[in-house]
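Input: a single structure, listed below in structure tokens.
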Amino acid sequence: MDDSTSRQHSTAPQTLYFHPDYLDAVRAGQKTTTVRFHDPVETGPVSLVFELDEEVALPGVVTQVTAKTFAQLSESDARADGFRDLAELHDRLRFHYRQIEPTDTVATVHFRLAKWVE
């Protein structure tokens, strides 16, 4: 067996875990990005997993990943992520990532819902 197969050639989708509070916004298309810290993500197929009493997984596609510092996040980043404003996004990120600093690099992951292509 050849062990040289790289991750980029895998057909298995990656997984992005979400707080259950975001399920309705993702389903409605109001949340089309997620900001991640120390959580590597690549473009391509993704399973969007919401950890409820019964796990909910939605098929999606990561269309773009952009890096910037926490301090560089903008009002438009906040709205695309389903928040009212930048202050709310900052508060939520500090809740999820308690040690995050203004100079830390975050990844803005752009995604859309999709059906799996086989």
Side-chain angles (χ1 to χ4, degrees):
M1 176 155 198
D2 184 359
D3 290 333
S4 66
T5 304
S6 70
R7 181 166 144 62
Q8 67 186 1
H9 292 104
S10 173
T11 56
Q14 59 195 326
T15 302
L16 273 178
Y17 290 94
F18 288 85
H19 191 278
D21 288 353
Y22 303 128
L23 177 59
D24 290 340
V26 169
R27 278 189 170 148
Q30 296 166 330
K31 179 174 177 65
T32 58
T33 69
T34 181
V35 177
R36 299 299 169 115
F37 180 55
H38 292 161
D39 187 5
V41 179
E42 299 174 1
T43 57
V46 65
S47 182
L48 308 172
V49 177
F50 300 83
E51 299 173 293
L52 300 157
D53 290 338
E54 280 194 33
E55 187 174 272
V56 174
L58 303 175
V61 176
V62 172
T63 58
Q64 181 181 6
V65 180
T66 56
K68 58 175 74 175
T69 66
F70 179 83
Q72 291 173 320
L73 290 169
S74 68
E75 291 289 337
S76 63
D77 291 325
R79 285 189 297 279
D81 208 339
F83 296 101
R84 287 185 306 268
D85 56 30
L86 185 57
E88 185 180 19
L89 173 60
H90 280 169
D91 287 346
R92 205 61 182 161
L93 288 171
R94 286 188 183 107
F95 170 79
H96 291 300
Y97 309 111
R98 298 192 193 288
Q99 303 303 319
I100 199 163
E101 298 290 335
T103 57
D104 286 331
T105 300
V106 296
T108 301
V109 180
H110 301 257
F111 64 87
R112 62 178 170 78
L113 294 178
K115 296 187 189 230
W116 297 127
V117 177
E118 300 192 19

Practice prompt. Would you check if Leu73 and Leu93 make a side-chain contact, meaning some heavy-atom pair closer than 4.5 Å?
Written response: yes
Worksheet item: Does any non-hydrogen side-chain atom of Leu48 lie less than 4.5 Å from one of Leu16?
Response: yes
Worksheet entry | Where Ala57 and Ser47 come nearest, the two heavy atoms and their spacing | CB-OG, 3.7 Å
Worksheet entry | Residue pair Ala107 / Val65: nearest heavy atoms and the distance that separates them | CB-CG1, 3.9 Å
Worksheet entry | Main-chain N/O of Leu86 paired with Glu75 side-chain donor or acceptor, under 3.5 Å | yes
Worksheet item: Does CD in Gln99 sit with more than 12 non-hydrogen atoms of other residues, nucleotides or ligands closer than 6.0 Å?
Response: no
What's the separation between atom [atom1] in [X] and atom [atom2] in [Y], rounded to the nearest 0.5 Å?
X: His110; Y: Thr43; atom1: NE2; atom2: OG1; result: 12.0 Å
X: Thr32; Y: Arg112; atom1: OG1; atom2: CZ; result: 12.0 Å
X: Asp77; Y: Thr108; atom1: CG; atom2: OG1; result: 5.0 Å

Fill in: Residue pairs fulfilling ring-ring contact (aromatic ring centres under 6.0 Å, His included) with at least one residue in residues 53-78, sequence neighbours excluded
Phe70-His90
Discussion item. Test: ring-ring contact (aromatic ring centres under 6.0 Å, His included). Region: residues 23-43. Which pairs qualify, not counting sequence neighbours?
Written reply: Phe37-Tyr97
Discussion item. Membership question, hydrophobic clusters at under 4.5 Å side-chain separation (ILVMFWY): are Val56 and Leu113 in the same one?
Written reply: yes
Discussion item. With salt bridge (Lys or Arg N to Asp or Glu O under 4.0 Å) as the rule and sequence neighbours excluded, what pairs involving residues 91-110 come up?
Written reply: Asp21-Arg92
Worksheet item: What residue pairs, at least two apart or across chains, pass salt bridge (Lys or Arg N to Asp or Glu O under 4.0 Å) with a residue in residues 45-55?
Response: none
Worksheet entry | Residue list, side chain to side chain donor-acceptor pair (under 3.5 Å) with Thr34, at least two apart or on another chain | Arg36
Response to the item:
Contacts of Phe18 meeting ring pair (Phe, Tyr, Trp, His ring centres under 6.0 Å) (sequence neighbours excluded), chain-then-number -> Phe50, Phe111
